[in-house]
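Below you'll find the structure, written out as structure tokens, and then a few comments.
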Amino acid sequence: MGASRHALIIANDAYEDEGLRELRAPEHDADALCGVLRNPQIGDFEVDVLRNASAQAMRDRIESFFNHRRRDDTLVLHFSCHGIKAESGKLYFAASDTRPQLLRATGVPAEYVHECMSDTRAGKTVLLLDCCYGGAFSKGASAKASRDMNVLDAFAGDKPGGGRGWAVITASTSMEYAFEGAELTADGTAAPSVFTHAVVEGLTTGDADLDEDGEISLDDLYDYVYEHVRDANPNQTPSKYVEMQGTIELAHGRHRTIRIEADPVPRPVQEALRSRNDFTRRGAVRELRSRMKSQNLRIAEGARQALEAVARDDTVQVAYEAQHALNDARLTPSPARLDFGRVPRGAAVPRQTVTLEGIPLARHCVAHATGKWLQVEESADGLAVGVDTSAVGRLAGDIALKGVAGDAVVHVEAEVLPPPPDQPPAPQSVGGRQKGPSVTHRPASRPLRAPALAAVALALAVASVLMLVEAVVAAVNAGQERLQAHRKQEIEQFEHWAHAYGMLTPLIISLITSVAALALGALARQELHTRRRRYTQGAKTVTRALVSAARLCAVPVVVLAAMMSIAYPIVSAHW
């Protein structure tokens with residue numbers, strides 16, 4: 001199986017012990033974070049939510065979450081609950097049945113979570129701690145228990161081995177305490193979580209993609225959350241602890257800039273652009289305009305950059321021709337306005353297409369929908385646009401297009417009407433559990449390249465197994481004939497009988513087909529990774545299963561066939 005992404009959200013807002021005040025944020029946090037992580041266009045995680053569970057249920061689910069993972073898996077664990085510091089200084093997460101006087105028996109220790117993170121085989125793990133106002137103790141809480149503690153101290157320590165890594169992001173650097181007798185003071189009541197709201201907003205809007213590379217990394221998200229939390233509450237400082245090699249991509253961004261590595265223009269064209277003769281430079285401009293129309297975007301971008309320099313620095317006439325040539329690279333969507341008209345709530349709205357006109361370089365762009373109700377997918381002709389009809393009302397928004405030579409906007413409007421009286425309202429998605437039409441739709445047409453490559457890889461792997469079996473049978477028969485010839489004192493060597501039984505041909509074919517199967521399997525995995533947003537979950541599952549089966553067949557064949565190939569000349573020379 002290939003890499004997969006899993007998230008577990010633990011949200012506790014109701015507690016049996018009166019010393020632990022109820023929180024308002026966790027339920028909302030869980031719903032919002034679940035939606036954004038599960039969205040295949042953003043997080044593409046398989047998400048599980050655990051609400052108001054007992055301490056034992058929390059421990060069971062946490063250990064199960066980290067068990068039986070693979071090296072390529074990415075895990076996200078989110079806590080939204082009370083965090084409690086014991087008198088010993090240890091951190092505990094509060095469950096619904098937690099009793100502050102009996103933390104060891106009824107709380108979930110941070111050390112337990114740390115051990116599960118350390119033991120998992122998953123390559124990358126991210127822990128998000130939104131522990132609201134954690135110092136909740138019952139009667140007899142001592143002054144020692146109220147001192148500050150750094151939340152990250154519970155997770156810093158031994159580095160994960162074997163190339164694995166983890167990261168912890170907390171809502172604040174230390175736990176916050178507020179007591180009035182045996183309970184939290186009125187100031188300790190939880191407000192809606194600033195931390196989780198910033199996480200959800202940054203992922204949903206794509207604004208957390210600070211470097212605008214199309215992916216929201218762990219560092220991007222932390223920097224975004226840090227600034228937003230500090231702006232909202234200067235007394236709260238998010239913190240981060242990382243023990244990880246490389247980076248981790250948590251979600252897909254929506255503000256990716258166009259970056260094309262430009263090929264330099266040929267030397268004769270550069271010399272012509274430096275000529276003192278206007279006609280020579282104008283000829284170079286025409287050559288650059290021709291190169292800018294190339295299907296090779298690197299060549300085209302190199303020509304465009306050279307034309308920009310001419311338009312900026314040359315004489316009026318030459319600069320005018322260069323500027324006129326640059327108009328070919330202008331982003332031109334058609335139409336620039338879409339109107340879906342009136343549609344009933346919950347109806348399946350046909351998608352409309354926005355065609356991107358012009359040369360290949362002009363059509364190379366990224367799209368960002370300014371409204372959450374807008375759905376944009378790449379299509380063969382340009383963009384396929386749809387709307388979410390789950391909410392009644394007038395909808396108006398824009399699709400911002402960013403190209404190499406400028407930006408463009410497509411305005412979209414629709415009006416969602418209430419369903420007819422005799423038709424019940426379309427069920428909606430609640431808490432991340434689907435009860436009706438999905439908010440996010442995928443186009444009916446989907447690329448089949450990855451599943452096709454995986455299927456061919458499996459077919460080649462099976463063929464390599466059959467060829468290896470045939471080669472082994474031939475080798476056994478050749479060996480038996482050589483033994484019989486030796487008893488009869490005949491001079492035929494093993495090589496003679498190997499050729500007679502045709503051992504070499506299936507051996508070579510098995511080696512070639514097994515290597516080809518592994519190569520195609522790698523291509524299928526690469527295709528699935530680079531374009532995972534374009535594949536349905538079913539296509540991903542099928543591709544990973546086929547690649548895994550192909551690898552299971554091909555790897556042993558490669559090893560055995562290579563050993564037989566090495567042994568053949570040795571046996572032929574001495575036997």
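Only heavy atoms go into these numbers, but all of them, side chains included; no hydrogens, no water, no symmetry mates.
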*asked:* What verdict does the side-chain hydrogen bond (donor to acceptor under 3.5 Å, both in side chains) test give for His78 and Ser80, after you've listed the backbone C-alpha separation in whole Å, the side-chain angles of each residue and the deciding distance to 0.1 Å?
replied: CA-CA 7 Å; His78 178 272; Ser80 183; 5.3 Å; no
What residues form a side chain to side chain donor-acceptor pair (under 3.5 Å) with [X], not counting sequence neighbours?
X	answer
Arg291	none
Glu201	none
Ser217	Asp220
Tyr224	His228

Under 4.5 Å between any side-chain heavy atoms of [X] and [Y], yes or no?
X	Y	value
Phe195	Leu129	no
Val242	Leu218	yes
Leu77	Leu128	no
Val366	Leu401	no
Val108	Tyr92	no

Distance check, rounded to the nearest 0.5 Å: [X] atom [atom1] versus [Y] atom [atom2]?
X	Y	atom1	atom2	value
Leu356	Glu378	CG	CD	9.5 Å
Leu75	Glu46	CG	CD	11.0 Å
Leu203	Ile42	CG	CD1	7.0 Å
Leu250	Glu215	CG	CD	10.0 Å

Taking all non-hydrogen atoms of both residues, which atom of [X] and which atom of [Y] are closest, and how far apart?
X	Y	value
Arg5	Glu249	NH1-O, 3.1 Å
Met292	Leu361	CG-CD2, 4.0 Å
Ile9	Cys34	CD1-N, 3.5 Å
Ala524	Val547	CB-CG2, 3.9 Å
Pro238	Tyr222	O-OH, 3.0 Å

Under-4.0 Å salt bridge between [X] and [Y]:
X	Y	result
Asp73	Arg121	no
Arg304	Glu301	yes
Arg51	Asp31	yes

*Between Phe79 and Phe93, how do the two ring planes meet: parallel, tilted or perpendicular, split at 30° and 60°?*
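Judged by the thresholds at 30° and 60°, the geometry between Phe79 and Phe93 is parallel.
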*Per the side chain to side chain contact (heavy atoms under 4.5 Å, CB included) rule, which among Val225, Asp219, Val168 passes with Lys240?*
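Answer after filtering Val225, Asp219, Val168: Asp219.
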*Examine distances only and state if a side-chain atom of Asp209 and a backbone atom of Ile216 form a donor-acceptor pair shorter than 3.5 Å.*
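Absent.
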Pair [X], [Y]: side-chain N/O donor-acceptor within cut-off below 3.5 Å:
X	Y	value
Ser239	Thr170	yes
Ser390	Asp388	yes
Ser96	Asn52	no

*Among pairs that include at least one residue of residues 505-520, which meet side-chain hydrogen bond (donor to acceptor under 3.5 Å, both in side chains), considering only residues two or more places apart or in two chains?*
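Residue pairs with at least one partner in residues 505-520: there are none.
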Indicate every side-chain donor-acceptor pair of residues 58-66 with a distance under 3.5 Å to a residue at least two apart or in another chain.
from  : atom 1 : to     : atom 2 : distance (Å)
Arg59 : NH1    : Gly107 : O      : 2.9
Arg59 : NH2    : Gln56  : OE1    : 3.3
Asp60 : OD1    : Gln56  : NE2    : 2.9
Arg61 : NH1    : Asp48  : OD2    : 2.7
Glu63 : OE1    : Tyr112 : OH     : 3.1
Ser64 : OG     : Asp60  : O      : 2.9

